[in-house]
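Shown next, in structure tokens, is the structure this report addresses.
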Amino acid sequence: MFSRVKIKELLANYTLGDTVTVMGWVRTFRNNQFIALNDGSVLTNLQIVVDFENMDAELLKKITTGAAIKAVGEVIASQGKGQAIEIKAKEVEVLGVCDPEVYPLQPKKHSLEFLREIAHLRPRTNTFSAVFRVRHQLAMSIHQFFHNKGFVYMHSPIITGSDAEGAGEMFRVTTLPLDKLPKTEEGQIDFKKDFFGKSTNLTVSGQLEAELAALALSEVYTFGPTFRAENSNTSRHLAEFWMIEPEVAFADLNDNMDLAEGLLKYCIGQVIEHCAEDLEFLESRLSDEEKQKPQNERSEMSLREKLQFCLNNDFQRLTYTEAIDILKNSTPNKKGKFNYPIEAWGADLQSEHERYLVEKHFGKPVILTDYPKAIKAFYMRVNDDNNTVRAMDILFPGIGEIVGGSQREERLDVLMARMEEMHIPLEEMQWFLDTRKFGTCPHAGFGLGFERLVQFVTGMSNIRDVIPFPRFPGSAEF
RNA sequence: GCCUCCUUAGCUCAGCCGGUUAGAGCGCCGGACUGUUAAUCCGUAGGUCCUAGGUUCAAGUCCUAGAGGGGGCGCCA
């Protein structure tokens, strides 16, 4: 009953004179005659031509923006200029009406802020359907990349009993009644009465579990949702986001950087190859958006030029110490243009410093390595200088940190000393320490923020516009 | 959490030094036209000027508080 041809398939492969059935949603209905039909399979609308003079007027009235219709008709060469083919309708059926008086999406340009308020309807726009198709392509490319290399896709838990993942504030998971919490004799909340018999949270990272798996399967990755209860209000943070975390045994920091750079380039290349039409649309959307900005804030490259440039150039690799030297001697630092002037080695780099390195000094993606150990996590391998760790951050233009990773500390004594230094409760982490106790080996991994990758590739400036239903402080709509 | 800007019609916005009946474009609706491409042309309707206080003869406009949103910063991916 619902046999139909998708618009993408029809446009790619048609025979003039064939009778086809298409279904989709009306974008515009021009001149009582031309329906621009979209079914989401592709950006392009299919033009349906109706013979309005011989059509029921009541039916014609129901063909409005947003209505779902079925059209049966003959594939003919278009007499108009905007498209190669069109469907000469023999039969049009309105499957679902859409009252134009109250339907929020009008056949006109809407602001991204307005569309964010109607996130349940925004996939029906060109911009968001393109973003979500690209998002899909990126997800599939990530799996393909790792699969081709023989990695095992690990599903790390979403509810975690570990509260020492160290990557940020956590959302608590509980079934305890909030109005009458069970208490222990000492007056503390009695989590023994909770669903899992202990305190649990939503995961902030699958890394520790991925490490366990890597020390058995050699090469693994996770790709799942992660949750941070940080009160972050920026265009590149979400409370719920998706993260890719590979973990590789018998690998050092250089292997790690090669893997990350290879992954990013593969994904970007796949989007260029498979999402050409969506990219072209997103590029023109971005260039329209940039026309609103002052000249000096506009990007010198178009979206596709930027992506191609990433593919064609090696990412710039340098140490934190080298970066500090560059920043210290930079013009903005000498002229006092930085809000946080670079004075001494050891300071954490601010967004403005990262942006200077990426956008001004090198003009390409940058990988910074060997950060001071004082500003990095406990599990990163300490260098021989006992001052820095084998960490790496990949910085992208416009996004900042897109990847954060490290070679892991595989030496049990060093790791335990670091954990004590940083007040990580050893007794709760025995399962993790077992990896170092039983057959430990050099290994490395990183976390890639999926939405930040989607942001970079689509050119969308706000991360809330690259995930269907964004979660951020004060907002969990839909 | 901090700093900053914004909130006027369905949407995007204008509204000058506080002054009398709050405007435009697009959309919707009605009509005309009928090979259009966000069609075009004509016309109608559509407003708790975010909310609550305050100043003033007079507040969309000034002040205070609150709510919602944008941008930046911090935390990070």
Side-chain angles (χ1 to χ4, degrees), chain A residues 27-36 44-53 61 64-66 76-83 86 88 98-118 125-126 165-169 204-207 223 225-245 260 292-293 297 338-340 348-355 375-377 393-396 399-405 446-456 461-467 472-475 477:
Chain A
R27 284 294 177 78
T28 62
F29 184 30
R30 280 186 294 271
N31 236 351
N32 239 357
Q33 194 173 180
F34 304 101
I35 301 169
T44 314
N45 298 325
L46 180 67
Q47 178 153 287
I48 313 290
V49 186
V50 301
D51 179 9
F52 67 97
E53 280 166 331
K61 275 195 155 174
T64 60
T65 298
I76 60 169
S78 179
Q79 296 173 42
K81 276 181 185 157
Q83 55 282 316
E86 61 195 22
K88 191 178 172 194
C98 187
D99 183 354
E101 296 264 21
V102 290
Y103 186 53
L105 291 173
Q106 301 162 359
K108 56 168 291 197
K109 188 175 161 49
H110 288 295
S111 69
L112 295 175
E113 289 81 11
F114 172 67
L115 293 172
R116 218 170 281 151
E117 290 170 17
I118 50 164
T125 64
N126 286 335
E165 289 167 358
E169 290 296 312
V204 292
S205 163
Q207 180 197 315
F223 184 176
T226 44
F227 308 88
R228 305 266 168 101
E230 304 283 351
N231 190 13
S232 297
N233 294 289
T234 81
S235 56
R236 37 180 211 288
H237 287 87
L238 290 165
E240 176 182 295
F241 64 101
W242 288 64
M243 189 153 62
I244 297 97
E245 295 180 286
Q292 312 296 317
K293 293 187 190 168
E297 285 175 30
F338 284 142
N339 290 323
Y340 298 84
D348 213 344
L349 298 181
Q350 307 293 317
S351 301
E352 57 181 347
H353 306 134
E354 297 179 350
R355 216 176 308 121
I375 58 172
K376 286 290 178 182
D393 283 357
I394 301 187
L395 311 176
F396 261 37
I399 312 282
E401 186 178 345
I402 195 168
V403 164
F446 62 84
L448 164 64
F450 184 55
E451 281 75 18
R452 290 192 182 170
L453 177 61
V454 181
Q455 256 190 296
F456 179 73
S461 50
N462 195 314
I463 201 165
R464 295 168 189 177
D465 296 330
V466 299
I467 188 167
F472 50 95
S475 179
E477 295 303 306

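What's counted below: heavy atoms across the whole structure, side chains too, no hydrogens, waters or symmetry copies. Every chain is numbered from 1, with letters handed out A, B, ... down the list of sequences. Values in this document were obtained by computation on a predicted structure and should not be read as measured data.
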Is there a Watson-Crick or G-U wobble partner for B/U44 with both distances under 3.5 Å, and if so, which one is it? none
Could you please name the partner base of B/G1, counting Watson-Crick and G-U wobble pairs only when both distances are under 3.5 Å? B/C73
I want to confirm an ordering. Mapping A/Gly404 and A/Ala77 to their closest nucleotides on RNA chain B, which one lands closer to the 5' end? A/Ala77
When you measure from the side-chain N and O atoms of A/Arg27 to the phosphate of B/U36, is any distance below 4.0 Å, counting only OP1 and OP2? no
The Watson-Crick or G-U wobble partner of B/A24, with both key distances under 3.5 Å, is B/U12
Is the A/His353 to A/Phe338 ring centre distance short of 6.0 Å? yes
Distance below 4.0 Å between A/Arg355 side-chain N/O and B/C73 OP1 or OP2: yes
Below 4.0 Å: OP1/OP2 of B/G1 and any side-chain N or O of A/Asn231: yes
Rounding to the closest angstrom, what is the interatomic distance between B/U56 and B/G74 at atom C1'? 43 Å
Please report the distance, rounded to the nearest Å, between NZ in A/Lys88 and P in B/G35. 14 Å
Classify A/Gln83 by what it touches in the nucleic acid, base, sugar-phosphate, or nothing, heavy-atom distance under 4.0 Å. base
OP1 or OP2 of B/G74 less than 4.0 angstrom from a side-chain nitrogen or oxygen of A/Ser351, does that happen here? yes
Just by distance, do the side chain of A/Thr65 and the backbone of A/Thr28 share a donor-acceptor pair under 3.5 Å? no
Are A/Trp242 and A/Phe223 packed together at the side-chain level, in the sense that at least one heavy-atom pair is separated by less than 4.5 angstrom? yes
What is the pairing partner of B/U7, taking Watson-Crick or G-U wobble pairs with both distances under 3.5 Å in any strand? B/A67
What integer number of Å spans the C1' atoms of B/A22 and B/G18? 15 Å
So A/Gly447, base contact, sugar-phosphate only, or nothing? Heavy-atom distance under 4.0 Å. sugar-phosphate
Please write out the pairs of protein N or O atoms and N or O atoms of nucleotides 26-30 of chain B separated by less than 3.5 Å, giving the distance to one decimal.
from, atom 1, to, atom 2, distance (Å)
B/C26, O2, A/Lys108, NZ, 3.1
B/C28, O2', A/Glu101, OE1, 3.1

Does any nucleotide pair with B/C17 by Watson-Crick or G-U wobble geometry, both distances under 3.5 Å, and what is it? none
Are the ring of A/Phe241 and the six-membered base ring of B/A77 within the stacking cut-offs of under 5.5 Å and under 30°? yes
Across all strands, who's sitting opposite B/C33 as a Watson-Crick or G-U wobble pair, both distances under 3.5 Å? none
Short N/O separations, protein against nucleotides 67-71 of chain B, under 3.5 angstrom:
from, atom 1, to, atom 2, distance (Å)
B/G70, OP1, A/Arg116, NH1, 2.6
B/G70, OP2, A/Arg464, NH1, 3.4
B/G71, OP1, A/Asn462, ND2, 3.2
B/G71, OP2, A/Asn462, ND2, 3.1

Any A/Gln350 side-chain N or O less than 4.0 Å from OP1/OP2 of B/G74: yes
If you measure from the C1' atom in B/C13 to the same atom in B/U34, how many Å do you get, rounded? 33 Å
Validation row: A/His110, A/Thr125 side chains within 4.5 angstrom (heavy atoms): no
